[in-house]
Amino acid sequence: MNKKIALITGITGQDGSYLAELLLRKKYIVHGIRRRASNPKLDNIKSLLESKKYSKKFFLHYGDLTDSSNLNKLVGRIKPTEIYNLAAQSHVHTSFDVPEYTAQVNGIGCLNLLEAMANHAPKAKFYQASTSELYGENNTKFQNEMTPFQPCSPYSISKLYAYYLTKNYRSRGFFVCNGILFNHESPRRASSFVTKKIVEGIINIKNKKIKKLYLGNLYAKRDWGYAEEFVVAMWKMLQKKKPDDYVISTGKSITVKDFVNKVLKKLGFHYKWMGSGINEVCKDLSSGKNIIEIDKFFFRPTEVNFLRGDYSKAKKNLNWKPKKTLDDLISIMINHEIKNN
Ligand code: NAP
Ligand code: GDD
């Protein structure tokens with residue numbers, strides 16, 4: 001049997017770490033690219049690095065998507081059979097502050113990696129981490145592979161470039177896929193994303209470590225799934241005979257405020273929302289104190305107000321569907337946080 005060798009960019013992130021675990025379980029040799037600037041504790045992949053079982057199967061290399069010479073060298077040396085491009089400046093809000101950097105990493109970085117593949121591993125299968133942010137200011141009830149893109153942030157515009165670039169390599173005969181993934185979360189989500197921020201923040205309030213949590217737009221709706229399940233879909237895309245693009249989502253959508261309500265209820269708070277707009281607050285009825293307030297800083301200059309994905313193509317062609325509900329996901333995140341708080 002031919003050896004399966006995966007190269008994962010973004011290995012230290014949420015998805016990269018779950019994908020590495022999945023592929024190692026499937027007996028792949030896994031190579032990951034980490035940056036010199038990565039958190040030296042490498043929290044998400046610590047268990048893999050410390051595992052004797054994977055000592056000859058899991059390798060890390062220093063690299064950066066913006067360094068094409070580095071990518072060419074690595075792809076030439078590793079000769080991967082599958083490449084997963086998960087690395088990104090992945091924070092939408094931050095992309096308004098660092099638009100050029102975001103374009104370099106997410107746009108040109110994807111080009112650098114596709115070129116390295118074309119030069120050194122042209123038979124490799126390539127996965128590009130595309131995103132539901134591409135739909136932007138849409139007004140459709142569900143978004144699927146046919147829904148027009150209307151990106152509205154430097155982040156999503158950089159991802160639009162990478163999306164079409166990937167398709168162009170496909171037209172030229174390379175096996176490349178776009179996974180259009182809707183929001184997916186887990187205990188490994190960075191604290192600057194809203195789900196993790198809410199879970200962490202409310203537990204810290206309960207444990208009296210902080211007094212209140214500041215949030216931005218409470219009324220944006222997102223389709224939130226579980227990251228560990230979503231990486232399975234990435235792998236499935238590359239096992240098909242023909243490359244294609246797929247929406248991966250749960251098909252359900254709720255507001256940020258409803259996400260907060262679910263966490264507050266699960267943690268036993270008695271509370272009441274009051275006021276509106278920038279003055280909206282959530283009061284803890286036991287202490288009489290505000291536990292959530294709005295801070296203008298967290299609003300985006302342009303916002304994606306509604307996302308709900310139609311994953312029927314993935315269900316039909318990949319036999320993939322989400323299993324965990326949003327309530328399951330919230331419980332997983334809460335339990336992890338309580339254990340580690
Ligand atoms: P994440 O946790 O933020 O991880 C991002 C990864 O990219 C980290 O490993 C980071 O490394 C790495 N990285 C950043 N800049 C880099 C550079 N210049 N060169 C090499 N590596 C770099 O993101 P995620 O949630 O796992 O998402 C994975 C991918 O899917 C991203 O491309 C994201 O845009 C996309 N996506 C995510 C979602 C979602 O809801 N999670 C949905 C759709 C699409 P360091 O540790 O060094 O910072
Ligand atoms: N981060 C953050 N912090 N978001 C907040 C806050 C806050 O304090 N308050 C409200 N929000 C709202 C945002 O305005 C947005 O509408 C929603 O919460 C989700 O924000 P994030 O968790 O930052 O995720 P995102 O939807 O912008 O982007 C994530 O999902 C995309 C897929 O749709 C990221 O993972 C992207 O990389 C990914 O492509």
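Just so you know, ligand 1 is whichever comes first in the structure, and atom 1 is the first atom listed for that ligand.
Comparing His91, Arg189, His184, Glu133 by heavy-atom distance to atom 35 (O) of ligand 2, the nearest is Arg189. Taking all heavy atoms of Arg35, His184, Gln128, Arg222 into account, the minimum distance to atom 17 (C) of ligand 1 is reached by Arg35. Nearest to atom 26 (O) of ligand 1 by heavy-atom distance, out of Val105, Asp15, Thr12, Asp223, is Asp15. Of all the listed residues (Ala87, Ala88, Gly16), Ala88 holds the heavy atom that lies closest to atom 14 (C) of ligand 1. Closest heavy-atom approach to atom 18 (N) of ligand 1 within the set Asn44, Ile108, Asp64: this belongs to Asp64.
Taking the six-membered ring wherever Trp is involved, the centroid distance between the rings of Phe126 and Phe174 does not fall below 6.0 Å. The aromatic ring centroids of Phe193 and Trp224 lie 6.0 Å or more from each other. Aromatic pair Tyr246/Tyr311: centroids not less than 6.0 angstrom apart.
Residue contacts with ligand 2 for Phe299 are absent, since no atom lies close enough (heavy atoms, distance under 4.0 Å). With a 4.0 Å heavy-atom cut-off, ligand 1 is reached by the side chain of Arg189 but not by its N, CA, C or O. Contact annotation: for Lys159 versus ligand 1, heavy atoms closer than 4.0 Å belong to the side chain alone. Within the 4.0 Å heavy-atom criterion, neither part of Ala227 lies near ligand 1. When heavy-atom distances to ligand 2 are checked against a 4.0 Å cut-off, Arg222 comes that close only through its side chain, counted from C-beta outward.
By the 4.0 Å N-to-carboxylate-O rule, Lys141 lies too far from Asp310 to be salt-bridged with it. A salt bridge does not link Glu228 to Arg188: none of the charged nitrogens lies less than 4.0 Å from a carboxylate oxygen. At a threshold of 4.0 Å, the pair Lys262-Asp327 counts as salt-bridged, since one of the basic side-chain nitrogens sits closer than that to a carboxylate oxygen.
At the top of the distance list for atom 10 (C) of ligand 2, counting protein heavy atoms only, stands Asn217 O, 3.2 Å. Closest to atom 19 (C) of ligand 2 among all protein heavy atoms lies Val194 CG1, 3.8 Å. The single protein non-hydrogen atom nearest to atom 23 (O) of ligand 2 is Arg300 NH2, 2.9 Å, given as residue, atom name and distance. Annotation: atom 8 (O) of ligand 2 to nearest protein heavy atom, Lys197 NZ, 2.7 Å. Given atom 1 (N) of ligand 2, the protein heavy atom at minimum distance is Ser192 O, 2.9 Å.
A heavy-atom distance below 4.5 Å is not found between the side chains of Met333 and Glu200.
Heavy-atom proximity to Gly216, at under 4.0 Å, picks out these atoms of ligand 2: 6 (C), 8 (O), 9 (N), 10 (C). The atoms of ligand 2 that sit less than 4.0 Å from any heavy atom of Glu303 are 13 (C), 14 (O), 15 (C), 16 (O). Close approach to Leu215 involves these atoms of ligand 2, each under 4.0 Å from a residue heavy atom: 8 (O), 9 (N).
The distance from the OG1 atom of Thr166 to the CG atom of Leu113 is 9.5 Å, given to the nearest 0.5 Å.
Taking any N or O of Ile33, backbone or side chain, none lies under 3.5 Å from an N or O belonging to ligand 1. Considering backbone and side-chain atoms alike, Ser90 places an N or O below 3.5 Å from some N or O of ligand 1. Residue Ala220 has no N or O atom closer than 3.5 Å to an N or O atom of ligand 2. The shortest N or O to N or O distance between Gly63 and ligand 1 is not under 3.5 Å. Checking only distances, Gln14 does come within under 3.5 Å of ligand 1, N or O to N or O. Here's the thing with Val92: none of its N/O atoms is less than 3.5 angstrom from an N/O atom of ligand 2. Considering backbone and side-chain N/O atoms, Asn183 comes within less than 3.5 Å of an N/O atom of ligand 2. Here's the thing with Ser132: one of its N/O atoms is less than 3.5 angstrom from an N/O atom of ligand 2.
Assignment of Ser130 to the shell around ligand 1 is supported, since a heavy atom sits closer than 4.0 Å. Close to ligand 1: Leu86, with a non-hydrogen atom less than 4.0 angstrom away. Heavy-atom distances between Tyr155 and ligand 1 reach below 4.0 Å in at least one pair.
Side chains of Glu82 and Gln239: a donor-acceptor N/O pair is present below 3.5 angstrom, by distance only. In the model, Asp328 has a side-chain atom that pairs as donor or acceptor with a side-chain atom of Thr325 under 3.5 Å. Looking at Tyr271 and Asn261, their side chains do bring a donor and an acceptor atom within 3.5 Å of each other.
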